[in-house]
Amino acid sequence: MKSSGWAKTSSYDYGSPVDPGRFLLGDAVLQDIMSSVAFKRLHDIRFLGGIDFVVVRSPNAKRIRYTRYQHSVGVAYLATIYADIKGLDIKERQTICIAALLHDIGHAPLSHSLESVFLEYFGIEHHKATEEIITGTAKIGEDLRAILKWRNVNIDRVLSVINGEENSFDGFFSGPINFDTIEGILRSYSYIKNAATNLRPDAVVRAAIERCGDRSRRTVDAFWLHKDLVYTKLVNSQVGVLADRICKQIMEDHLALFSRNDFFSTETGLFEKLPELRKLLTSKNFIQTCSNKIHFPVPYAERRFYIDDAVDFYSKNDHSRYRQTKSPAFLILDESGLLEKDQEGRRTFFDG
C-alpha cells in the first residue's frame with residue numbers, strides 16, 4: 001500500500017470523501033475489499049438509521065441521507081492521513097487502513113435503530129456481526145475473507161484494532177478522539193437544520209495528531225462540542241428518539257417475519273417486509289403520526305459531552321479531558337404535546 005498522496009483541501013465532501021481513482025490506485029488491497037459483497041452491502045445501509053428517513057425524506061434534493069459505505073470510506077481516508085503523517089511501514093499502514101475501512105461492516109439495516117431488537121431476540125449485534133463477516137463465518141463474508149487471506153492480511157490483528165482491544169495507533173480506534181467518531185459526528189452535524197461549520201474531519205485528525213499550538217487545541221475542542229450538539233439537536237431530539245422507537249416497535253410487532261440472517265440484509269430488503277415503516281418514517285407529519293402509534297413513555301439515554309480544561313490537551317490524556325455523562329430520560333406525551341423530560345423534570349422542545 002502506497003502513500004495516499006492526497007493534498008490538503010479546503011472542503012470535505014461527505015458524499016464522496018475521496019477521489020475514487022486516486023484512492024483505489026494507491027491502495028489495491030482497499031480496492032479488493034470495496035469490491036466484496038459485504039462491503040457493497042453498505043451502500044444500502046443508511047448512516048443514521050431511522051433518523052435519516054425522517055429528516056431527509058427526499059435524499060436527492062439535498063444530496064444527503066448518507067450511507068455506511070460513504071462513512072467507511074471517509075474513515076479509511078482519515079486513517080491514511082494518520083499513516084502518512086506517522087510514516088507507517090507497509091504492514092502497519094495496511095492494518096490501520098483495513099481496520100478503518102471495515103469498522104462498520106457489521107451494521108444491520110437501519111443500524112442502531114434496530115440493533116437492540118436483533119440482540120434481544122436473535123442474539124446478534126454489530127460487533128459480533130463484524131467478526132462473523134470478516135472471518136467468513138457469515139456467508140456474506142466468504143469472499144471478503146478470501147480476499148483478506150489472499151492479500152496476507154492478519155485478520156485477528158485487524159479485528160483486535162477494530163474492537164479497541166489493542167491500544168495502538170495513539171488511541172484513534174479506542175479513545176474518545178477517534179477516526180470513526182470524528183467522521184461520524186461531523187457527518188451527522190450536516191443533518192442539523194440551519195447548522196453550519198467550517199470544521200472538517202481531516203483537519204480534526206491532523207490537529208489531534210500534531211497538537212501544535214493553540215490552534216490544534218481549539219480544533220479538537222470544537223469537534224467535541226460539535227458532538228454535544230449532534231446528540232442534543234439530533235440523536236436525543238424528539239425526532240431522534242421517536243425514529244428509533246418506532247423502528248423497534250414495528251419490528252417487534254412483526255418478529256415472525258424475521259430471522260437472525262436479516263441482520264446481514266439491506267434496508268431495501270427490510271422495507272419489503274415492513275413497508276409501513278418506510279411510509280411512516282418519510283411521512284410529512286411524522287411526529288403526529290408516530291404519537292398515535294408509539295407506547296409512551298419512551299425511555300432513552302440522554303448523553304452530554306464536555307471538556308475538562310484542567311487536563312492538559314498536550315498531554316494526550318484524552319479520556320480525562322474529553323468527558324461525557326449519560327443519564328436515563330423519558331419522552332412523554334401529555335396534554336400539551338410531546339415533551340422530553342429528564343430525571344430533574346427539565347423539559348426541552350425539538351426545534352427542527
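For Ser188, the side chain to side chain donor-acceptor pair (under 3.5 Å) criterion is met by no residue, not counting sequence neighbours. Among residues two or more places apart in sequence or in another chain, the side chain to side chain donor-acceptor pair (under 3.5 Å) test is passed with Asp143 by none.
In this structure, Tyr306 is not a member of the same hydrophobic cluster as Val311, with clusters built from ILVMFWY side-chain heavy atoms closer than 4.5 Å. No continuous path of hydrophobic side-chain contacts links Trp150 to Ile133 [ILVMFWY only; heavy atoms under 4.5 Å].
Inspection of the Arg303 and Tyr231 side chains reveals an N or O donor paired with an N or O acceptor under 3.5 Å. If you check the side chains of Asp221 and Tyr322, you find a donor sitting under 3.5 Å from an acceptor. Judged by distance alone, the side chains of Asp32 and Ser35 never bring a donor and an acceptor atom under 3.5 Å apart. The closest side-chain donor-acceptor pair between Asn178 and Thr181 falls under 3.5 angstrom.
Ion pairing between Arg200 and Glu183 fails under the 4.0 Å rule for side-chain N and carboxylate O. Using a cutoff of 4.0 Å between basic side-chain nitrogens and carboxylate oxygens, Glu166 and Arg157 are scored as salt-bridged. A salt bridge links Lys273 with Asp262: at least one charged nitrogen is closer than 4.0 Å to a carboxylate oxygen. At a threshold of 4.0 Å, the pair Arg321-Asp308 does not count as salt-bridged, since none of the basic side-chain nitrogens sits closer than that to a carboxylate oxygen.
Surrounding CG of Asp214 are more than 12 heavy atoms belonging to other residues, nucleotides or ligands, all under 6.0 Å away. Within a 6.0 Å radius of CZ in Arg215, no more than 12 heavy atoms belonging to other residues, nucleotides or ligands are found.
Annotation: His71 is not in aromatic contact with His107 [ring centroid separation under 6.0 Å not met]. Ring-centre distance between Tyr300 and Phe330: not below the 6.0 Å cut-off.
Among residue pairs with one or both ends in residues 117-129, those qualifying as side chain to side chain donor-acceptor pair (under 3.5 Å) are Glu115-His126; sequence neighbours excluded.
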Hey, mind stepping through Leu199 and Tyr189 against side chain to side chain contact (heavy atoms under 4.5 Å, CB included) and telling me if it holds? CA-CA 10 Å; Leu199 204 59; Tyr189 192 82; over 6 Å; no
Mind running salt bridge (Lys or Arg N to Asp or Glu O under 4.0 Å) on Arg93 and Asp84 for me, showing each step along the way? CA-CA 9 Å; Arg93 182 182 178 85; Asp84 287 349; 2.9 Å; yes
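Taking all atoms of both residues into account, the shortest heavy-atom contact from Gly106 to Arg41 is C-NH2, 4.1 Å.
When each of Arg211, Arg323, Arg217 is tested with Asp318 by the rule salt bridge (charged side-chain N to carboxylate O under 4.0 Å, His left out), just one qualifies, namely Arg211.
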